[in-house]
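Heads up, the thing below is written out as structure tokens.
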Amino acid sequence: MRLIPCLPVLLAASLAGPAVAETGTQAGFLWAAGPIAEAQRAHFLSIIGWMSVVIVPLFVALPVVLWRYRAGGPGAFRPDWGNSPLGEAVLWGVPALLVAVLGWNLWTETLRMDPYAPLGPDPLVIDVVTWNWGFVFVHGAAGVAEVDRLTIPAGRPVTLRMTSDSVMQSVFIPRLAGQLYAMPGMVTELNLAADGPGTFTGRNSQYNGPGFATQSFDVIALPAGEYDARIAQLAAMEGTLDAAGFDALKGDDAARPQGFGAVSDGFLAEIVGRYADPRMAGMVH
Amino acid sequence: MTPFGLLDWSDLVFAGFLRDPSVNEAVASAAGAFAVLGAVAALVVLTVKGWWRPLWSGWLTSLDHKRIGIMYVVLGLVMFARAIAEASVMRAQQMAALGEPGFLSAEHFGQLFTTHGTIMIFFVAMPLLTGIINFVMPLQIGARDVTFPLVNAVSLALTAAGAALLMVSLVVGRFSTGGWSGYPPFTGAAFSPGEGVDYWIWAVTLSSLGSTLTGMNFAVTIYKERCPGMHLFRMPLFTWTALCTSILMIFAMAPLTVATLMLALDRYAGFHFFTAGSGGDMMNYANLFWLFGHPEVYILILPAFGVWSEVFSTFSGKTLYGYTSLVIATMCIAVLSFTVWLHHFFTMGQAASINAVFGVATMLIGVPTGVKVYDWLLTMVRGRIRFRVPLILGCYFLATFVIGGLTGVLLANPTVDYGTHNSLFLVAHFHNMLIPGLLFGMFAAIHFWFPKAFGFRLHEGLGVLSAFLWMGGFLCAFMPLYALGLMGGMRRMAQLPEGPFGPLLAVALLGALMIAAGFAVFVLQLWWSVRHRDRLAVPHGDPWDGRTLEWALPAPPPEWNFAVLPEVDRRDPFDAAKLAGIAYALPDRYEDIEMPANSAVAPALGAAAFAVAFGLVWHIWWLVAFGLAAALAAIVARSFVTETTRTIPAAHVRQVTEGWRSIARVATPCPRRAEATGANRGRARPQQ
Ligand code: HEM
Ligand SMILES: [Cu+2]
């Protein structure tokens, strides 16, 4: 029983652990660097607060009950006591009220943080294609692409339109946006923004084979001017990202180019189209 | 193709080591060698000791629910040893692989988390709970056996065949790397060619068929076999949870069987249910799998809730607080568990409003669960609490379960889930529910009912030691994972990036080793207790001052359980009988009792099922045909057996019953303070 009092301490320690650890770019939403992760953190902490209404009493009462009613202890022995209407009302009532509050929060927050909802007018649209094991990011407006690295302008809303050219993957940028699956033959959308300049880790979180553990990318948020410079730098690169260039990219990890100066029209649609059912082609209007 | 299908010498794990003598292959070969040596050692012991015959006629062909239950538990414990070892190897790998590849290949690591998860769920947790329900539930409702004893044995045989397939995969070929959830298209033929996923498919399919049959058997037993007066609302809470779990098994296993069979069709016959392209839809698999998977977690936890209810009540010497509430809460959980499966893929890209609906549904389950926790706490209030091993584990369960509940509520929020899905936070959460909840519940049950099953208690001191190792081990192994998850550590990673993860991973490794050590102490405790069983004997059958019908029987109970079917008029009937001083009264008449006769059908079906599955994995089609034919032959042969029961003469029943009761009624009742000493011979002095 000696362990029980240590429990809250251990829990607190493990929750506080991250706060003191030097985590670098690899971290979760507690180190929020954008509005979505900030909202996640706030919601996370508020749930812990509300839940302590039912948890703290248990931690207080359990040692007291064990001490008081231990065999030979001071508590009265009433072996038939198994019911009390008031107790029953409290036992069901308090959790029900709590869940009502938490459920309301869940509902409103979930709708507010819809990953499909842009975080402002005029988001920057970037197409993402994942494969085993990498990512290519297409800056459609500029007609350039970068590999395993995503440059975004700090402060501006970004929309990622994502698909996969292999199995189901989950594109996850913990400090900015959370995650959403990218799946072959489908396009999903994840909206995000970075509050300020910085480097953040993004990765695939859905196991997809031996290269999974190292399938990550850097998200680099730059001030607007530097962002334009980076795009210009990409535009100067050789090569065009089209279906064939993309397949070549998948072959050789070591010789992966960093980017493409040009992107074929409708690249994303072409990759998605690889998984369309030919028999359905005529049926989609 | 050879007569052995795709099978080749180079598929032996040892051949892998000869080709490439790396640490990675050495670990695989060591595991394979361990499996082979273990099997050989078992065969040698059976032969040397001349145990084949008793094993066959006393156990393998027995239809006695108690023996089937015990065999289930043994199966679960053996598989647990393997799964724990795998967990420790994974922990060691992650420790060694900070920013570098470590000693295991990524492929091998993938097999480890897949076998660990698959074994823990289907071949540890399910057998343990099925075994304990099998043993206890018929006794608690005053029945002589389950309704379909042969089906019961067949369920066990199918489950054992699945487990055997997993063990064979240690030596022959490789296992799947697709995780316990086996998501396509990764597990489809295009991305996972070879035998691995097929091993997984057939092992899981066999287990799910066994569990479906078990669910039907238990549910019918509870509906039809209750003794006179045992109204539903007089049933012990453990039996209630067994009923809810059975209902869940009936409805929830089917989607899994369908999903694995559809995946098999994709792989074997070029169907496109779940492939990428050609009209396949991988999202349907996620739906089917979790339509099983979520109810499954309640299949796992509800029987443990039942155990905790019995434990808190018995070791407080007091009636359960809020019996009706607990029953209603259990039912609520069972029903709600079918309405929440989508929370396993909030991140699949569906509309936010759908996520919100399923999130709220998930949160609703928190209400009945919270009620239960406080009902258990109040059960101890006004009791006389005795700190035996099950109760120690129970208190720990209460404290840690609320933390798991908190993180569960957190994960129920799609907003939070976007940031924690697939992370170590999730891994910490489900182990938080499964280890203190389910696993400790099963070990509490083993401590609690072991004396009933074998006639002697388990050594108390060693039990306390292993309990403390487990409890400390769990905290070390999984509390750091919450933090690691929030720091960006994902699940299923063969290596983590360098940086802040090291210290916490070290604590987690220590925890895994403590849990393994706790299990070793548990095995030692079994061994010691068997050696000193005379000192620990409780032949009168009631070592814990029990309250329900199973304690009214000698330990171990006779094959027919009850000489005369009991009649009850209240809950906790045995407690009432003891207080009234009529607990050991002799029945006034005896009758012949019909019990199911032994049958070799179940082992035959199990062997046939194994042959079919192994043939399917390796495309050995003649073996598949042979296995199917053998199964059919066994079923046909059974239909010609006319003597399916055996009559136990009244005189024999009388002799056994009176032999026991006449001793038990004059035995010195043991006061509770001497409960853990040799003075406890299984006759309890009632507490007033
Ligand atoms: C006894 C101590 C245990 C330890 C040390 C342990 C450790 C682990 C580890 C290291 C993983 C891999 C985590 C990752 O993916 O990074 C894992 C996964 C898992 N464990 Fe355990 N575990 C234990 C007990 C259990 C029990 C009792 C169950 C279930 C009854 C269980 C079920 C699972 C499942 C389902 C997975 C997920 C496998 C997958 O990713 O597909 N574990 N465990
Ligand atoms: Cu679930």
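Within every chain, numbering begins at 1; the chains are lettered A, B, ... in the order of the sequence lines, protein sequences first and strands thereafter.
The candidate from W81(A), Y116(A), W107(A), W104(A) with the greatest count of non-hydrogen atom pairs under 4.5 Å with chain B is W81(A). Note on H421(B), H272(B), Q495(B), M363(B): by heavy-atom pairs under 4.5 Å with chain A, the leading option is H421(B). Ranked by heavy-atom pairs shorter than 4.5 Å toward chain A, the options A190(B), G317(B), G349(B), S423(B) are led by G349(B). Considering only heavy-atom pairs separated by less than 4.5 Å from chain A, the leading option among R492(B), H108(B), R491(B) is R492(B). By number of non-hydrogen pairs under 4.5 angstrom with chain B, the leading residue of L58(A), V94(A), V99(A), V54(A) is L58(A). Comparing M380(B), M282(B), K318(B) by how many heavy-atom pairs each has under 4.5 Å with chain A, the most go to K318(B). Counting heavy-atom pairs under 4.5 Å between each of A356(B), A467(B), G359(B), A106(B) and chain A puts A356(B) at the top. In terms of non-hydrogen atom pairs under 4.5 Å with chain B, the most contact-rich of L111(A), L106(A), D114(A), T110(A) is L106(A). Of the listed residues (R78(A), M51(A), E189(A)), the one with the most heavy-atom contacts under 4.5 Å to chain B is R78(A). Looking only at heavy-atom pairs under 4.5 Å with chain A, the residue among G370(B), A286(B), G383(B) that has the most is G383(B). Interface check for chain B: of the options P57(A), P174(A), S52(A), S170(A), the most heavy-atom pairs under 4.5 Å are formed by P57(A). Note: S166(A) leads A117(A), S166(A), A96(A) in heavy-atom pairs under 4.5 Å with chain B.
For L398(B), the parts lying near chain A are the backbone and the side chain together; criterion is any non-hydrogen pair under 4.5 Å. Looking at T188(A), the atoms closer than 4.5 Å to chain B (heavy atoms on both sides) all sit in the side chain, from C-beta outward. Residue D417(B) touches chain A through its backbone alone, counting heavy-atom pairs closer than 4.5 Å. Contacts between L496(B) and chain A at a heavy-atom distance below 4.5 Å are absent for every atom of the residue. No part of A351(B) comes within reach of chain A, as not one of its non-hydrogen atoms sits under 4.5 angstrom from that chain. Neither the backbone nor the side chain of V507(B) has a heavy atom closer than 4.5 Å to any heavy atom of chain A. At a 4.5 Å heavy-atom cutoff, the contact between S84(A) and chain B is made by backbone and side-chain atoms alike. Heavy atoms of F172(A) lying under 4.5 Å from chain B belong exclusively to its side chain. Contacts between R672(B) and chain A at a heavy-atom distance below 4.5 Å are absent for every atom of the residue. Neither the backbone nor the side chain of S105(B) comes within less than 4.5 Å of any heavy atom in chain A. In this structure, the portion of Q350(B) lying under 4.5 Å from any heavy atom of chain A is its backbone and not its side chain. The parts of L364(B) that come within reach of chain A are both its backbone and its side chain, each placing non-hydrogen atoms under 4.5 angstrom from that chain.
Using a 4.5 Å cut-off on side-chain heavy atoms (C-beta onward), I173(A) and F217(A) make contact.
The ring-ring contact (aromatic ring centres under 6.0 Å, His included) with W376(B) is formed by just one residue from the set Y321(B), F401(B), F397(B); it is F397(B). For the side-chain contact (heavy atoms from CB on, under 4.5 Å) with T130(A), the qualifying choice from M162(A), M168(A), Q206(A), Q169(A) is Q169(A), the only one to do so. A ring-ring contact (aromatic ring centres under 6.0 Å, His included) with Y207(A) is found for exactly one of W180(B), Y183(B), F109(B), F113(B), namely F113(B).
With hydrogens and angles left out, the side-chain atoms of Q687(B) and D545(B) include a donor and acceptor closer than 3.5 Å.
Between F29(A) and F44(A), the distance from one ring center to the other falls under 6.0 angstrom. For F191(B) and F186(B), the distance between ring centers is not under 6.0 angstrom.
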*Step by step, would you call R41(A) with E38(A) a salt bridge (Lys or Arg N to Asp or Glu O under 4.0 Å)?*
CA-CA 5 Å; R41(A) 180 177 60 195; E38(A) 273 150 21; 5.3 Å; no

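A cation-pi arrangement is present between R571(B) and Y323(B), with the terminal nitrogen or guanidinium carbon under 6.0 Å from the aromatic centre and inside a 45° cone about the axis. Figure legend: cation-pi geometry between R388(B) and F315(B) absent, as NZ or CZ is not positioned both under 6.0 Å from the six-membered ring centre and within 45° of its axis.
The neighbour count for W50(A) CH2, taken as heavy atoms of other residues, nucleotides or ligands under 6.0 Å away, does not exceed 12. More than 12 heavy atoms of other residues, nucleotides or ligands shown are found within 6.0 angstrom of CZ on R274(A).
D165(A) contributes no side-chain N or O that, together with a main-chain N or O of W131(A), makes up a donor-acceptor pair within less than 3.5 Å.
In plain terms, the two heavy atoms of F59(A) and A399(B) that are nearest each other are CZ-O, 3.4 Å.
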